[in-house]
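Take a look at the structure below.
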Amino acid sequence: MSRVFRILHVLRAPVGGLFRHVRDLAVAQAARGHLVGVMVDSSSRDTLTRERLAALAPHLPLGLSAIPMSRTPGLSDTGPILAARRLARLLAVDVLHGHGAKGGLYARLAGTWLARPGDAAPARLYTPHGGSLHQFAARLSGPVYLAAERALAAATDGIIFESRFASEAYERAVSGHGAKTRIIHNGLSDEDFAVRPAPGEAAADVLFIGELRHLKGVDVLIDALARLPETTTAVIVGDGPDAAQFKEQTHRLGLGARIRFTGAMPARQAFGLGRILVMPSRAESLPYIALEAAAAAIPMIATSVGGVPEIVAGSRTRLVPPGDVEALACALAASLDQPAIAEADAADLREVVAGRFSLASMADEVLDFYAEALAARRSRPGHSVVGNEPVRTAAKRSSTLG
């Protein structure tokens with residue numbers, strides 16, 4: 001390793017695939033000898049989130065910091081930006097890496113406001129993830145997010161996309177931004193490729209794992225289940241803003257005895273609750289749940305959205321159109337009627353994914369891109385160059401999670 005980076009990852013909500021990505025990346029970077037810290041929103045207080053953050057904290061030499069962050073844009077964003085700037089200066093970071101719309105805003109502006117004459121300016125990295133891209137298409141808030149992204153172009157040294165779809169969507173929306181870019185797929189660990197044991201007798205036919213909101217297509221799945229035989233059962237794992245709506249829909253359709261809602265739990269723990277995993281999303285980027293299910297050789301039905309076609313490319317797995325209740329019901333019926341074929345297709349997809357989605361490769365490529373972006377940032381006039389100077393030992397910050 002030619003040099004040690006001091007890295008601060010910034011994100012808002014420590015949930016879902018975005019958090020899985022940051023956690024895996026931060027742990028892999030620390031394991032390679034880099035000094036890593038994470039800054040998150042402090043308002044996520046559910047048990048599962050607290051457990052995940054507590055498990056991550058020991059891997060972070062630069063600590064885990066939590067402060068209030070608003071979901072909606074506004075003047076309240078000034079606080080997290082200033083907090084990220086103070087933290088970055090205290091930790092003398094080389095890289096500020098923002099994830100998602102809010103994390104990207106805080107990290108990039110903090111890195112820009114941080115620079116003073118004689119300072120070694122940190123590289124300002126941004127990974128949009130799916131949430132940012134979905135905001136661009138929103139009918140009411142989309143123009144606001146697009147304007148913000150275009151304004152932030154000058155404060156961006158590099159953008160990492162987890163899929164070709166994300167790169168193309170961003171380039172269409174924010175053309176001419178001028179930042180360095182690279183596509184680096186999400187990666188899976190060796191543990192992810194442990195094949196799931198055969199589900200027990202009590203397992204449901206259908207399994208959904210994810211955030212309970214309209215974008216994830218849970219309503220489409222419920223409507224599809226209503227078209228299947230009365231013996232077909234399902235488990236819906238997760239929580240979210242539209243949970244009450246989906247539960248009301250379930251009871252309105254008379255499916256209360258066939259569909260069980262469990263709340264949120266780790267994906268690996270949930271995998272044994274159903275025979276076929278269904279991902280009926282209306283939009284995605286490169287969803288971890290699809291990658292995890294593929295790695296575990298779980299039969300899967302997914303929609304042809306975002307980067308999902310990139311995951312299944314070269315396999316026998318077929319996708320269904322988003323929002324198409326009839327197509328989803330037919331695909332479910334076929335998989336349930338022919339479980340041996342569904343399992344063989346799942347094994348095939350597992351082999352395909354194993355060859356393309358490596359956590360080790362993801363971590364190495366991201367670090368390589370950091371070096372490129374940092375070199376470009378510090379070669380600009382007015383910024384000092386640190387080069388390969390010895391790295392100062394950082395006192396480990398205590399977590400602010402209370």
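In this structure A270 satisfies the side-chain contact (heavy atoms from CB on, under 4.5 Å) test together with I209, V237, M265, L273, sequence neighbours excluded. Listed by chain and residue number, V206, L225, I259 satisfy the side-chain contact (heavy atoms from CB on, under 4.5 Å) test with A234 (two or more places apart in sequence, or in another chain). Take A360 and apply the side-chain contact (heavy atoms from CB on, under 4.5 Å) test, not counting sequence neighbours, and it matches R32, S358. Considering only residues two or more places apart in sequence or on other chains, I341 meets the side-chain contact (heavy atoms from CB on, under 4.5 Å) condition with Q338, D345.
The backbone N or O of R124 lies less than 3.5 Å from a partner atom in the side chain of D157, making a donor-acceptor pair.
For residues 317-332, the set of pairs meeting the salt bridge (Lys or Arg N to Asp or Glu O under 4.0 Å) definition, not counting sequence neighbours, comprises R227-E326. Sorted by first and then second residue, the ring pair (Phe, Tyr, Trp, His ring centres under 6.0 Å) pairs with a member in residues 242-263 form an empty list; sequence neighbours excluded. Among residue pairs with one or both ends in residues 255-278, none qualify as side-chain hydrogen bond (donor to acceptor under 3.5 Å, both in side chains); sequence neighbours excluded. Counting only residues at least two apart or on different chains, the ring pair (Phe, Tyr, Trp, His ring centres under 6.0 Å) pairs with a member in residues 323-369 are H185-F357. Contacts classified as salt bridge (Lys or Arg N to Asp or Glu O under 4.0 Å) and involving residues 188-203 (residues at least two apart or in different chains) are given here: R20-D192. Applying the salt bridge (Lys or Arg N to Asp or Glu O under 4.0 Å) definition to pairs two or more places apart or across chains, those involving residues 169-187 are K180-E372, R182-D368, R182-E372. Residue pairs meeting the side-chain hydrogen bond (donor to acceptor under 3.5 Å, both in side chains) criterion with at least one member in residues 214-225, sequence neighbours excluded, are H214-R282, K216-E284, D219-R282, D223-Q249.
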Validation: residues 294-308 side-chain donor-acceptor distances under 3.5 Å, sequence neighbours left out:
| residue | atom | partner | partner atom | Å |
| --- | --- | --- | --- | --- |
| T303 | OG1 | S281 | N | 3.4 |
| T303 | OG1 | S281 | O | 2.7 |

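Residues V36 and A26 approach most closely at CG1-CB, 3.8 Å, considering heavy atoms.
Side-chain contact of S285 with H129: a donor-acceptor pair under 3.5 Å is absent, judged by distance alone.
Geometrically, R108 engages Y126 in a cation-pi contact defined by less than 6.0 Å to the ring centre and at most 45° from the axis.
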